[in-house]
Amino acid sequence: MRILVVGGTGLIGAHVVEVLGERGHAATTMARSAGPGVDHVLDLGAASVDELRSLLAGHDGVVYAARSDEQRPLPKPIHPAFRRDMVDPVVRLFTAARAEGLTCGVIMGSYYTYFDRLHPEWRLPQRHVYIRCRVEQAAEARAAAGPDLPIAVLELPFVFGRAGDRLPNWAGPLDGWARSRAPLAAPVGGTAATTARNVAEVAVGALERADGADIPVADENLTWHDLIGRIAAAVGRERRVRHLPAGIVRAAVRSGGVLQSLGRKESGINPAHVAGLMLARLFVEPPSGRPLDAALRETFEDRSAG
């Protein structure tokens, strides 16, 4: 197959390109700016359907691996801005893909949509604009693609690993904290986690099967205590991880929400409701059981050495 990878030089996209090559497929990459490994420079947010059709001509499938930042605060109301970033470009992309006769597609999504299906009583799309737009992204992309272009949505948790100098966007703050002399503390709750390599293998498998399912991806389920402890071990500073009381977590995120409100801003994950997510066990069942240790070390290796 010949596959266009949107965001093909990012952490996950670069691994998708690698796995496609290993399995005998051809990959072309698209990114917003020129650089090593970029075949086509195009801003998906500004591209028209006709421009995308020209880019997609001759391809069999497309992978959307562009990154969205759910934490960035924006002036209220934020839903239109998040739609312009997350939903509208994907709809144009798969409208063009359908017109060009592509037969498979993958969207890199979020495990929050998995938990929305599992726990509708949590009202995640109603409380968090980012999750609402992830739900809209999947539904509207599939409507634009039509029945002959199945789209697999990979529902991703924390992703470990690296691709060149590309790291998870949350790795920097955790790396600095783990290396500092500040106390390490974690609340109850936890998260599923996976690796960029595993995500790429699942994505390419979905393309090969022309799979149109929602696919939650997880290698291990970790409590926050375990995760922080393993990150500390990965940077070579094994220390005790203290318990962080739930009341402190709720107060901290509430104060962050107050500051945002005073500035008439909001983030995609609403601080007024984020404590409930942080204190829950956001575990995906069943995990693959693949160990994360190598990807953890790779993510938090000392980049100043040498």
> Is there side-chain contact between Ile3 and Val62, with heavy atoms separated by less than 4.5 Å?
Replying inline: no
> Is the side chain of Ser267 donor-acceptor paired with the backbone N or O of Asn270 at a distance under 3.5 Å, no angle test?
Replying inline: no
>> Do Leu42 and Leu52 make a side-chain contact, defined as non-hydrogen atoms from C-beta onward lying under 4.5 Å apart?
In response: yes
> Between CZ of Arg237 and CG of Leu184, what distance do you get to the nearest 0.5 Å?
Replying inline: 10.0 Å
> CG/Leu174 to CD1/Ile228 distance, rounded to the nearest 0.5 angstrom?
Replying inline: 5.5 Å
> Can His40 and Thr29 be counted as having a side-chain donor-acceptor contact under 3.5 angstrom?
Replying inline: no
>> Would you compute the distance between atom CZ of Arg53 and atom CG of Asp50 and round it to the nearest 0.5 angstrom?
In response: 7.0 Å
> With a 3.5 Å cut-off and no angle check, do the side chains of Asn198 and Thr195 form a donor-acceptor pair?
Replying inline: no
> Would you call Glu220 and Arg230 a salt bridge, taking side-chain N to carboxylate O under 4.0 Å as the test?
Replying inline: yes
> What distance separates Asp293 CG from Leu296 CG, expressed to the nearest 0.5 Å?
Replying inline: 6.5 Å
>> Can a donor-acceptor pair be found, under 3.5 Å and without considering hydrogens, that links the side chain of Trp224 to the backbone of Met278?
In response: yes
>> Please give me the minimum heavy-atom distance between Gly109 and Val153, naming the atom from each residue.
In response: CA-CG1, 4.4 Å
> Where do Pro77 and Pro80 come nearest, in terms of heavy atoms and distance?
Replying inline: O-CD, 3.6 Å
> Are Phe283 and Val217 connected, step by step, through hydrophobic side chains (Ile, Leu, Val, Met, Phe, Trp, Tyr) whose heavy atoms are closer than 4.5 Å?
Replying inline: no
> Tell me, do Arg23 and Glu208 make a side-chain contact under 4.5 Å, heavy atoms counted?
Replying inline: yes
> Below 4.5 Å, heavy atoms only, C-beta onward: do Arg281 and Thr191 meet side chain to side chain?
Replying inline: no
> Is it true that Arg2 and Asp60 have a side-chain N and a carboxylate O under 4.0 angstrom from each other?
Replying inline: no
>> Would you compute the distance between atom CG of Leu282 and atom NE2 of His119 and round it to the nearest 0.5 angstrom?
In response: 8.5 Å
> Looking only at heavy atoms, which two atoms of Ala143 and Arg98 are closest? And how far apart?
Replying inline: O-NH1, 3.8 Å
>> Using the rule that Ile, Leu, Val, Met, Phe, Trp and Tyr join whenever any side-chain heavy atoms are under 4.5 Å apart, tell me whether Ile12 and Leu4 fall into a single cluster.
In response: no
>> Is any side-chain heavy atom of Leu56 closer than 4.5 Å to one of Leu102?
In response: yes
>> Is there a continuous path of hydrophobic side-chain contacts, each under 4.5 Å between heavy atoms, that joins Val17 to Val199?
In response: yes
>> Checking the side chain of Ser255 only, and the main-chain atoms of Ala252 only, is there a donor and an acceptor separated by less than 3.5 Å?
In response: yes
>> Go through it in stages, so that I can follow the logic: the residues are Leu277 and His128, the test is side chain to side chain contact (heavy atoms under 4.5 Å, CB included), and I'd like the CA-CA distance, side-chain angles, deciding distance and then a yes or no.
In response: CA-CA 11 Å; Leu277 291 175; His128 304 281; 3.8 Å; yes
>> Which heavy atom of Thr299 sits nearest to which heavy atom of Gly161, and what is that distance?
In response: OG1-N, 2.7 Å
> Using 4.0 Å as the upper bound for N to carboxylate O, is an ion pair formed by Arg179 and Asp175?
Replying inline: yes
>> For a salt bridge (Lys or Arg N to Asp or Glu O under 4.0 Å) check, start with the C-alpha distance between Asp214 and Arg142, then their side-chain angles and the critical distance, and finish with the verdict.
In response: CA-CA 11 Å; Asp214 296 314; Arg142 284 168 168 155; 3.0 Å; yes
> Going through the distances and angles, do Tyr111 and Leu156 end up as a side chain to side chain contact (heavy atoms under 4.5 Å, CB included)?
Replying inline: CA-CA 5 Å; Tyr111 73 160; Leu156 305 182; 6.0 Å; no
> Does a donor on one side chain and an acceptor on the other come within less than 3.5 Å for Glu201 and His15?
Replying inline: no
> Shortest non-hydrogen contact from Ser33 to Val38?
Replying inline: O-CG2, 3.8 Å
> Would a 4.5 Å heavy-atom cut-off, applied to side chains only, mark Phe115 and Val284 as touching?
Replying inline: yes
>> Between Cys104 and Met1, is the side chain to side chain contact (heavy atoms under 4.5 Å, CB included) condition met? List the steps.
In response: CA-CA 10 Å; Cys104 56; Met1 296 186 296; 4.0 Å; yes
> For Val49 and Ala96, which heavy atoms make the closest approach, and how far apart are they?
Replying inline: O-CB, 3.7 Å
>> Please determine whether a side-chain nitrogen of the Lys or Arg among Glu121 and Arg127 lies less than 4.0 Å from a carboxylate oxygen of the Asp or Glu.
In response: no
> When rounded to the nearest 0.5 angstrom, what distance separates OG1 in Thr28 from CG in Asp39?
Replying inline: 6.0 Å
> Does any non-hydrogen side-chain atom of Ser110 lie less than 4.5 Å from one of Tyr130?
Replying inline: yes
> If you group Ile, Leu, Val, Met, Phe, Trp and Tyr by side-chain heavy-atom gaps below 4.5 Å, do Val19 and Ile107 land in one group?
Replying inline: no
>> What I want to check is whether the side chains of Gln126 and His273 have a donor and an acceptor closer together than 3.5 Å.
In response: no
> Does Glu140 pair with Arg83 as a salt bridge, N-O distance under 4.0 Å?
Replying inline: yes
> Checking side chain to side chain contact (heavy atoms under 4.5 Å, CB included) for the pair Leu74/Phe82: CA distance, chi angles, key distance, verdict?
Replying inline: CA-CA 9 Å; Leu74 298 172; Phe82 268 73; 3.7 Å; yes
> Are Pro150 and Asp211 close enough that some pair of their side-chain heavy atoms sits under 4.5 Å apart?
Replying inline: no
> Does the Arg92 side chain pair with the main chain of Gly45, one donor and one acceptor, at a distance under 3.5 Å?
Replying inline: yes
> Do Glu155 and Arg117 meet the salt-bridge criterion of a basic N to acidic O distance under 4.0 Å?
Replying inline: yes
> Where does the angle between the aromatic ring planes of Trp170 and Phe158 fall among parallel (under 30°), tilted (30 to 60°) and perpendicular (over 60°)?
Replying inline: tilted
> Do Val159 and Leu227 share a hydrophobic cluster (ILVMFWY, side-chain heavy atoms under 4.5 Å, transitive)?
Replying inline: no
>> For Val106, run the side chain to side chain contact (heavy atoms under 4.5 Å, CB included) check against Val204, Leu154, Ile151, Val16 and tell me which one passes.
In response: Leu154
> So does Arg67 pair up with Asp85, basic N to acidic O under 4.0 Å?
Replying inline: no
> Does Glu298 offer a backbone N or O that forms a donor-acceptor pair with the side chain of Arg162 under 3.5 Å?
Replying inline: yes
